[in-house]
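Right, one structure below, let's go through it.
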Amino acid sequence: MKKTTRFTLRIPEQLQEKIKYTADFNCRSQNKEVEIAIKRYINDFERLYGTIETTKNKT
């Protein structure tokens, strides 16, 4: 089972409304929509600058 971590995020109301819109459009929860957006951001970052080492991928 994957371990998940709770993370509180404060964002402007207008941005939250847009996330809700895209999540509904993609038939996802807002949480899953944000998770996918973060994964895409990290993938783009790593493509440009290399893999980010974490305690989970050092083994």
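- In this structure, Ser29 and Ala23 approach most closely via the heavy-atom pair O-CB, 3.7 Å.
- The CD1 atom of Ile11 sits 11.5 Å away from the NZ atom of Lys18 when rounded to the nearest 0.5 Å.
- In this structure, CG on Asn43 lies 12.0 Å from CD1 on Ile38, to the nearest 0.5 angstrom.
- Nearest heavy-atom pair, Ile36 versus Arg28, reported as atom, atom and distance to 0.1 Å: CD1-NE, 3.2 Å.
- Here the side chain of Glu33 pairs no donor or acceptor atom with the backbone of Lys20 at under 3.5 angstrom.
- Interatomic distance, Gln30 CD to Thr22 OG1, rounded to the nearest 0.5 Å: 8.5 Å.
- The aromatic rings of Phe25 and Tyr21 lie parallel to each other, their planes meeting at an angle below 30°, with 60° marking the opposite boundary.
- The OG1 atom of Thr4 lies 9.0 Å from the CD atom of Glu35; values are rounded to the nearest 0.5 Å.
- Heavy-atom contacts from other residues, nucleotides or ligands closer than 6.0 Å to CD of Glu13 number 12 or fewer.
- To the nearest 0.5 Å, atom CD of residue Glu46 and atom CD of residue Glu53 are 9.0 Å apart.
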